Amino acid sequence: MIVKIIFFTVLILISTLAFLPDYSGLPPIVSLSDKLNHTAAFTVLILLYKLAFPHSTQRIVISLLLYAVFIEVIQVFLPTREASMEDILADSIGLALGVLLIQTFYHRFFRYSNSSIKCNSADQEVVD
């Protein structure tokens, strides 16, 4: 439950930052590098999404790519913002990094939490 709350909080925070007209009032860490911010945001989003909702990684990637495109489409209509294919590319790199982390660590730490034990015969157990 707490991971879902964190996921939605981060999603709202990222959406708010994406639609702000001006970054000048934000701390310097937020204004470090636009593309680095995109990459980091989407890496964090995919990791939280996977922990909060253990759907297939492919489904999560598609959902977050659609979210990235949505942000850029909305920015077309904001007078102080502009849409950028480079932003979507940076988001995609963040997702790829997140997928790599998921493949490396998620199954190592969480594989038994969703597994079930099945019996093939009376004296043999198989773990998925």
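Fair warning: this is a prediction, and the values are worked out from it, not measured in the lab.
- Residues meeting the side-chain contact (heavy atoms from CB on, under 4.5 Å) test with Ile102, sequence neighbours left out: Ile46, Leu47, Lys50, Thr57, Tyr106.
- By the criterion of side-chain heavy atoms lying less than 4.5 angstrom apart, applied directly or through intervening Ile, Leu, Val, Met, Phe, Trp or Tyr residues, Val3 is grouped together with Ile60 in one hydrophobic cluster.
- For Ala83, the side-chain contact (heavy atoms from CB on, under 4.5 Å) partners are Glu72, Val76, not counting sequence neighbours.
- Taken together through direct or relayed side-chain contacts under 4.5 Å among Ile, Leu, Val, Met, Phe, Trp and Tyr, Leu100 and Phe105 form parts of separate hydrophobic clusters.
- Residues satisfying the side-chain hydrogen bond (donor to acceptor under 3.5 Å, both in side chains) test with Gln103, not counting sequence neighbours, are none.
- Residues satisfying the ring-ring contact (aromatic ring centres under 6.0 Å, His included) criterion with Phe8, sequence neighbours excluded, are Phe53.
- A side-chain N or O of Glu86 and one of Ser84 form a donor-acceptor pair less than 3.5 Å apart.
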For residues 87-96, which side-chain donor-acceptor pairs fall under 3.5 Å, sequence neighbours excluded?
| residue | atom | partner | partner atom | Å |
| --- | --- | --- | --- | --- |
| Asp87 | OD1 | Lys35 | NZ | 2.5 |
| Asp91 | OD1 | His38 | ND1 | 2.7 |
| Ser92 | OG | Ile88 | O | 2.9 |

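- Contacts of Ala41 classified as side-chain contact (heavy atoms from CB on, under 4.5 Å), with partners at least two apart in sequence or in another chain: Ile14.
- The hydrophobic cluster containing Tyr49 also contains Ile2, counting ILVMFWY residues as joined when their side-chain heavy atoms lie under 4.5 angstrom apart, directly or transitively.
- Across all non-hydrogen atoms, the minimal contact from Ala18 to Ile71 is CB-CG2, 3.6 Å.
- Under the 4.5 Å side-chain contact rule for hydrophobic residues, Leu20 and Ile12 do not share a cluster.
- Legend: residues meeting side-chain contact (heavy atoms from CB on, under 4.5 Å) with Leu78, ordered by chain and number and at least two apart, are Phe19, Ile74, Gln75, Arg81.
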Listed pairs under 3.5 Å, donor-acceptor, residues 62-69 side chains, sequence neighbours left out:
| residue | atom | partner | partner atom | Å |
| --- | --- | --- | --- | --- |
| Ser63 | OG | Arg59 | O | 3.0 |
| Tyr67 | OH | Ser15 | N | 3.4 |
| Tyr67 | OH | Ser15 | OG | 2.6 |

